[in-house]
Amino acid sequence: MANAREIKSRISSVQDTMKITNAMYMISSSKMKKAKKILSDTEPYFYNMQSAIARILRHIPDIQHPFFSVRHLIPTEERKIATIVVTGDKGMAGAYNHNITKMTEEFMANTPGHHKLYVLGVVGRQYFSKKDVDMDGSFRYTVQKPTMHRARMISEEVIRGFLEREVDEVHIIYTQMQNAVVMEPVNMQLLPLKKTSFSPLEMPAEVHQEEIEMFPSADGVLDIMIPNYLTGVIYGCLVEAYASEHNARMTAMQSSTDSAKKMLQDLSIQYNRARQAAITQEITEVCSGAKAQKRK
């Protein structure tokens, strides 16, 4: 058994580590709450834009637009698929980054075609740079503090590639926070858009009686609305992933703090036993010395 000095040094080390994990928990908690507030403040605008696109498609269901072009003539094996992968900039967040990289690799393995990755986050770039994958280096962004400007730059690049037929599909893989405990990696298709995704589940009875006029045309309106809508979707994914990362880090740090507390309890018991053994040994030595002196 270790002596009392070694156990005391170990206790001090665990206490210092617990201070760090406690501080990281508090920081992640603050950042997660801020990210959720930002997302809730911006969501209504993009939900209204989604409903406006749904109104246009409801009145002109047979409209042909490049953003809805599925490109059936291209064989499945020859399709060019671009995937935006949202990982974290740091570790110590449990399985957050592992789940994203695992889903990305499974998607690439199970989906035929040529895959091109747009990786956001330092952890993801470092991971996929060691793999034999086609990774674009355009988006060398951190995922800390996502902004609308950054989301717009990403959407402009993928929209340009889609319209110029450099890619046939665009996906985004990110982490969606269902609640404080459950976080699920999600693979969402951004382009081509699906008309069914804009169809509401319940249709008001009077909605078919409305008349709308689009200027200069329905295609012109969609040319403006859809890029803004995609920017909002990407921004929402970035903020959701940012909140999920900090929620995962909160969970990991809380678990580490609980483990540290349990270790401190065990080490305290060991320290008390070692100290008691040392005291007992000293008493035994004093008694033995006294008896030896008495015999003399």
Side-chain angles (χ1 to χ4, degrees), residues 46 49-50 53-54 56-57 60-87 99-121 124-125 127-129 131-141 150-176 185-199 217-238 240-241:
F46 296 104
M49 185 169 291
Q50 184 179 9
I53 296 174
I56 295 174
L57 296 178
I60 315 175
D62 299 329
I63 187 172
Q64 300 295 325
H65 196 275
F67 287 115
F68 296 93
S69 174
V70 182
R71 301 174 184 174
H72 294 290
L73 299 179
I74 300 177
T76 305
E77 294 77 11
E78 298 179 8
R79 297 181 72 84
K80 292 169 285 187
I81 304 172
T83 307
I84 303 171
V85 183
V86 186
T87 63
N99 291 337
I100 292 294
T101 55
K102 181 182 177 182
M103 173 173 278
T104 304
E105 291 179 327
E106 290 177 351
F107 175 65
M108 294 171 64
N110 299 329
T111 307
H114 175 70
H115 291 266
K116 186 175 184 179
L117 299 183
Y118 294 86
V119 184
L120 305 178
R125 283 200 300 271
Y127 178 82
F128 286 107
S129 63
K131 304 288 183 178
D132 186 19
V133 297
D134 182 8
M135 185 173 66
D136 189 275
S138 302
F139 304 148
R140 302 191 69 83
Y141 304 137
R150 189 170 296 170
R152 187 173 290 109
M153 292 180 66
I154 296 172
S155 66
E156 287 176 354
E157 174 64 23
V158 296
I159 288 173
R160 181 199 61 79
F162 182 77
L163 295 179
E164 295 180 2
R165 292 186 173 270
E166 293 179 5
V167 295
D168 301 311
E169 290 182 17
V170 179
H171 294 254
I172 184 169
I173 297 178
Y174 70 104
T175 304
Q176 189 177 67
V186 176
N187 185 348
M188 178 193 296
Q189 180 174 318
L190 295 177
L191 291 170
L193 293 172
K194 298 179 180 179
K195 293 182 180 180
T196 54
S197 62
F198 293 93
S199 301
S217 64
D219 287 338
V221 173
L222 290 177
D223 285 339
I224 297 174
M225 294 186 66
I226 290 179
N228 288 332
Y229 166 72
L230 290 175
T231 299
V233 171
I234 293 174
Y235 177 71
C237 294
L238 294 179
E240 187 86 17

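Please read these numbers as outputs of a predicted model, since none were measured by experiment.
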side-chain contact (heavy atoms from CB on, under 4.5 Å) partner of Lys116, the single match among Thr83, Asp134, Ile81: Asp134
ring-ring contact (aromatic ring centres under 6.0 Å, His included) partners for Tyr127, two or more places apart: none
Leu120 and Leu238: CA distance, side-chain angles, deciding distance, side chain to side chain contact (heavy atoms under 4.5 Å, CB included) verdict: CA-CA 9 Å; Leu120 305 178; Leu238 294 179; 3.5 Å; yes
Intermediate values then yes/no, side chain to side chain contact (heavy atoms under 4.5 Å, CB included), Tyr174 and Ile84: CA-CA 8 Å; Tyr174 70 104; Ile84 303 171; over 6 Å; no
Partner residues of Asn99 under the side chain to side chain donor-acceptor pair (under 3.5 Å) criterion, sequence neighbours left out: none
Side-chain heavy-atom pair Ile63, Lys195 within 4.5 angstrom cut-off: yes
Spacing of Glu106 atom CD and Thr101 atom OG1 [to the nearest 0.5 Å]: 9.5 Å
Separation of Leu193 CG from Leu191 CG (nearest 0.5 Å): 5.5 Å
Closest contact, heavy atoms only, Asp168 versus Arg71: OD1-NH1, 3.2 Å
Residue pair Arg125 / Val119: nearest heavy atoms and the distance that separates them: N-CG1, 3.5 Å
Min side-chain heavy-atom separation Val86-Ile172 under 4.5 Å: yes
Verdict with reasoning, Glu105 to Val133, per side chain to side chain contact (heavy atoms under 4.5 Å, CB included): CA-CA 10 Å; Glu105 291 179 327; Val133 297; over 6 Å; no
Nearest atoms (heavy-atom pairs only) where Pro66 meets Phe162: O-CE2, 3.2 Å
4.5 Å side-chain heavy-atom contact, Ile154 and Tyr235: no
Residues, nucleotides or ligands: over 12 heavy atoms within 6.0 Å of Met153 CE: no
Sequence-distant partners of Glu156, side chain to side chain donor-acceptor pair (under 3.5 Å), two or more places apart: none
Side chains of Ile100 and Ile173 in contact at under 4.5 Å (non-hydrogen atoms): yes
Qualifying residues under ring-ring contact (aromatic ring centres under 6.0 Å, His included), relative to Phe107, sequence neighbours excluded: His115, His171
Gln176 to Val186 - nearest heavy-atom pair and separation: CB-CG2, 3.6 Å
Smallest separation among heavy atoms of Pro192 and Ser69, with atom names: CB-O, 3.2 Å
Check against side chain to side chain contact (heavy atoms under 4.5 Å, CB included), Met188 and Val233: CA-CA 10 Å; Met188 178 193 296; Val233 171; 3.7 Å; yes
Contact check, side chains of Ser129 and Met135, non-hydrogen atoms, under 4.5 Å: yes
Residue list, side chain to side chain donor-acceptor pair (under 3.5 Å) with Arg79, at least two apart or on another chain: Glu169
Please list every donor-acceptor pair under 3.5 Å in which a side-chain atom of residues 220-230 meets a protein atom from a residue at least two apart or in another chain.
residue: Asp223; atom: OD1; partner: His65; partner atom: NE2; Å: 2.7
residue: Asn228; atom: ND2; partner: Ile224; partner atom: O; Å: 3.2

